[in-house]
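These notes concern the structure reproduced below.
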Amino acid sequence: MPHRTFFWFILPSLAAMFLFIALPIVSVAFQSLFIEHEQVLIEVENCGPFGCETETVVDNEATAAKREAEPLGRFNGLGTYFDRGHLATAEVSEAWSTRESLGGFLGEVMNLPFYRAMAFTLTYTFVCTPVLILLGLAVALGVNGLPRAFKGPTIFVSLLPMIITPLIGSLILFWMIDAEGIFGKTLQVIFDDPELSLKASPSLTWITLIVYGIWSSTPFAFVVFYAGLQTVPEDTLEAAMVDGASRWERIRYVVIPHLMPLVVFITLIQLMDNFRVFEPIIGFSAQANASSLSSIIYDDLRGDIARFNSAAATSMLTIIGVAILLTPVLIRTWRDFNRKRA
Amino acid sequence: MASGAMKRSPALAAFATGFVILWVIVASFPFLWTLWGSFKVQGDFFSKADWTNAIWGTRTIVETGGAFTTNGYSGAWIEQEFWRATMNTFIVVFFTVIISLTFGTLGGYALARSGFRYAFWLLMIALVFRAMPHITLVSGYLLPFFEWNVWGHLPTSIIVLVAINQPFTLWMLHSFFLNIPKDLDESAMVDGCTRFQAFRHVIIPVMWPGVVTTGLFSFLLAYNDFAVTAMLLSQENQTMIPKIASFLGSTFEEGNVMFAVAAVVSATAPLFVLILFFQRQIVSGLTAGAVKG
């Protein structure tokens, strides 16, 4: 296709992506270099019966006017990146030099908002992904053995947790695990502890969120594996059986190698999707105990005073994280592409 | 695979069936429970005394006289004006899907037919854009949109959702068009069609299966979105999902939770119908990218 024709065909799509994905990234980078104006201070003289004294007070009107006039704020360079809300270099090195043990140091670092969010995001990503792949494979093997008439309805039901709006799905579970909801109540009875609440402690909240993540993404792995199982070569399986391979050996040495490319595909998609975990934290009202990179950006933007610059700096750090996560994939695709051309 | 090669022992078959039944319960029970509970009063939905109250509706009978009540629904739809949010959602989703597919088919077709290296680079950039958390982009929109006075309107979030949708749409339709033989449009061009005429008269009539599948996923993205619509729409233009989130802001006043429950069930219904009719397309769409690698 000539360049000219290609250009006209791709123009609308390219323009949309350029204006609303590429430019916003530039806008985020730009905003992250600024910081909101400081409060305007004025000196007033207070004269009372015992003489006059000068006092420094905040001029709220002037502050508001200045912030209104220049919403971007004043130039701050990379300052925002290294402040307490982000990379917190000063606090980290302080904690390192005064550390008593490695655990104490880590505990100190985990109190910093950015590292807390980072820890949750990575834990969530790297726990959910392998578990849901194994679970999806197990469900696919099970469903594949069902009589034909049951397969359709089973797949229908299995799709529900994935198709459901993430915020709605997490709300539904949130109401059930409430201390007065059916799961919360049952757990209290099982552990014989009327005070037990899944929302109370950070570790229980983390577990709840991870369980939600597995619940909502297993169907995706299941559907992909199920489709893959339909194309397992029959001849190879029969040959393996003639050679005396047990059922387990047939799965291990024929079915699983056949599904390997699918595992790579699911891992890639799930790493991308789990890294941006956001809605469950809002749905479970879990900000106090767990925060992800996306949710701290949301909180910055949603607060009483929107902190655009802080949100922008976190966004830039998140984008860098995504880039690191994607590098191996991009390199692989690049090699494949070159091999195909050669 | 249904043949003798995969015959199982009875014990294994029983175990596998049991596992599938367990999964079906895990996947469906929360929905059934919430659907049932949405017709009760809050005292039953969250029962302090006894969880079986939610099944028999003990408090519901005391408070309303019947075992079922539609108070949650009337409260959400009429009192809290959930119908307005539903209409907004319909507008946003409808236009997002139409515009996404129009842009996407043109772009995906071009990418599939261009042999040049830059087509590959565009696809790679689209993959990176696909992985971008939406909220990072939103923090880039807010200040400029405030400055230009376009914040809060439905068209703004429609165009933003279209853009966020493009990377995925391009990938999906690109791989779909690769499967339509090149000879088809090229023979039309030999007969004197321009590229666009060939697209219009030869490709468009055969592209519908791929477009429907891609459209389903565009629909889901627009319908399920929270980050963009919650941040970019003003109060009166809110769509369903941010509206439900805002019910919760004012919650734990008696009854208000039930509005949210009713709204949640209402918002789930269209998705349910969607799977009912398009299960096959959803499954084939999910696997399209995977099986072809």
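All values below were derived from every heavy atom in this structure, side-chain atoms included, with hydrogens, water molecules and symmetry-related copies excluded. Proteins get letters first, then strands, A, B, ... in listed order; numbering begins at 1 in each. Remember, predicted model here, so these are calculated numbers, not experimental data.
- Neither the backbone nor the side chain of A:I266 comes within contact range of chain B; no heavy atoms are under 4.5 Å apart.
- A:D273 touches chain B through its side chain: at least one heavy atom from C-beta onward sits under 4.5 Å away, while N, CA, C and O do not.
- Most heavy-atom pairs under 4.5 Å with chain B: of the set A:A22, A:G181, A:P233, A:P24, this distinction falls to A:P24.
- Heavy-atom distances place the side chain of A:L173, and not its backbone, under 4.5 Å from chain B.
- Looking at A:V322, the atoms closer than 4.5 Å to chain B (heavy atoms on both sides) all sit in the side chain, from C-beta outward.
- Heavy atoms of A:V277 lying under 4.5 Å from chain B are absent altogether.
- Of the atoms belonging to A:I269, it is side-chain heavy atoms, and not backbone ones, that fall under 4.5 Å from chain B.
- Considering every non-hydrogen atom in both A:W215 and B:P30, the closest pair reads CZ2-CG, 4.0 Å.
- A:Y226 places no side-chain N or O within donor-acceptor distance of the main-chain N or O of A:V139, the cut-off being under 3.5 Å.
- Atom OG1 of A:T218 sits about 11.0 Å away from atom CZ of A:F225, to the nearest 0.5 Å.
- The shortest heavy-atom contact between A:V255 and A:L229 is CG1-CD2, 3.6 Å.
- Proximity to chain B involves both the backbone and the side chain of A:I155, based on heavy atoms less than 4.5 angstrom apart.
- For the atom pair CG of B:L216 and CZ of B:F277, the computed distance is 12.5 Å after rounding to the nearest 0.5 Å.
- The candidate from A:V329, A:T314, A:I168 with the greatest count of non-hydrogen atom pairs under 4.5 Å with chain B is A:I168.
- Heavy atoms closer than 4.5 Å to chain A are found in both the backbone and the side chain of B:A227.
- Listed options B:P144, B:G107, B:A110 were ranked by heavy-atom pairs under 4.5 angstrom with chain A; first place goes to B:A110.
- Between the side chain of B:Q279 and the backbone N or O of A:G152 there is at least one donor-acceptor pair closer than 3.5 Å.
- Put simply, of A:P12, A:S216, A:S294, the one with the most heavy-atom pairs under 4.5 Å next to chain B is A:P12.
- With a threshold of 4.5 angstrom between heavy atoms, A:L167 approaches chain B through side-chain atoms but not through N, CA, C or O.
- The aromatic rings of B:Y223 and B:F219 lie parallel to each other, their planes meeting at an angle below 30°, with 60° marking the opposite boundary.
- Looking at A:W334, both its backbone and its side chain come within 4.5 Å of chain B, counting heavy atoms on both sides.
- For chain B, the nearby part of A:L171 is the side chain; its heavy atoms alone come within less than 4.5 Å.
- If you measure heavy-atom distances from A:T318 to chain B, the contacts under 4.5 Å come from the side chain alone.
- Ring geometry for A:F284 versus A:F174: interplanar angle over 60°, hence perpendicular rather than tilted (30 to 60°).
- Heavy atoms closer than 4.5 Å to chain A are found nowhere in B:F278, neither backbone nor side chain.
- Proximity to chain A (any heavy atom under 4.5 Å) is shown, for B:R280, by neither the backbone nor the side chain.
- Taking 4.5 Å as the limit, some side-chain heavy atom of A:M17 sits within range of a side-chain heavy atom of B:L170.
- With a 4.5 Å cut-off on non-hydrogen atoms, B:L137 touches chain A through its backbone and its side chain both.
- Between A:S292 atom OG and A:R276 atom CZ the span is 12.0 Å, to the nearest 0.5 Å.
- Annotation: maximal heavy-atom pairing with chain A below 4.5 Å, among B:G104, B:G108, B:P167, B:A267, occurs at B:P167.
- For B:F146, the part lying near chain A is the side chain, with the backbone staying farther off; criterion is any non-hydrogen pair under 4.5 Å.
- Both the backbone and the side chain of B:S28 come within contact range of chain A, judged by heavy atoms closer than 4.5 Å.
- If you measure heavy-atom distances from A:A15 to chain B, you find no contacts under 4.5 Å at all.
- Ranked by heavy-atom pairs under 4.5 Å with chain A, the first of B:V160, B:V128, B:T102 is B:V128.
- Proximity to chain B (any heavy atom under 4.5 Å) is shown, for A:M316, by neither the backbone nor the side chain.
- Side-chain atoms of B:S157 do not come within 3.5 Å of backbone N or O of B:L232 as any donor-acceptor pair.
- Annotation: the span from B:R195 atom CZ to A:F9 atom CZ amounts to 7.0 Å, rounded to 0.5 Å.
- When each of A:L159, A:L14, A:L293 is scored by its heavy-atom pairs under 4.5 Å with chain B, the top score falls to A:L159.
- Evaluated for a ring pair (Phe, Tyr, Trp, His ring centres under 6.0 Å) with A:F6, the options B:F196, B:F116, B:Y118 yield exactly one hit, B:Y118.
- Using a 4.5 Å cut-off between heavy atoms, B:L111 touches chain A through backbone and side chain atoms alike.
- Taking chain A as the reference chain and counting heavy-atom pairs below 4.5 Å, the highest number among B:I241, B:V138, B:L123, B:T105 is found for B:I241.
- Within the model, atoms CZ of A:F265 and CZ of A:F220 stand 4.5 Å from one another, a figure rounded to the nearest 0.5 Å.
- Around CZ of B:F120, the count of heavy atoms belonging to other residues, nucleotides or ligands within 6.0 Å exceeds 12.
- B:S139 and A:S315 share a side-chain donor-acceptor pair at under 3.5 Å.
- By number of non-hydrogen pairs under 4.5 angstrom with chain B, the leading residue of A:L326, A:I297, A:I10, A:I182 is A:I182.
- Taking every heavy atom of both residues into account, A:Q31 and B:G140 meet most closely at NE2-O, 3.7 Å.
- B:F19 touches chain A through its side chain: at least one heavy atom from C-beta onward sits under 4.5 Å away, while N, CA, C and O do not.
- Atom CG in A:L301 sits 13.0 Å away from atom OH in B:Y141 (nearest 0.5 Å).
- The candidate with the highest count of non-hydrogen atom pairs below 4.5 Å against chain B, out of A:A312, A:S158, A:P2, A:P153, is A:S158.
- Counting heavy-atom pairs under 4.5 Å between each of B:V162, B:I282, B:V261 and chain A puts B:V261 at the top.
- Only the side chain of B:L122 comes within less than 4.5 Å of a heavy atom of chain A; its backbone N, CA, C and O stay farther away.
- Contacts of B:V20 with chain A are made by side-chain atoms alone, with heavy-atom separations under 4.5 Å and no backbone atom involved.
- Interface residue A:Y298: backbone and side-chain heavy atoms are both found under 4.5 Å from chain B.
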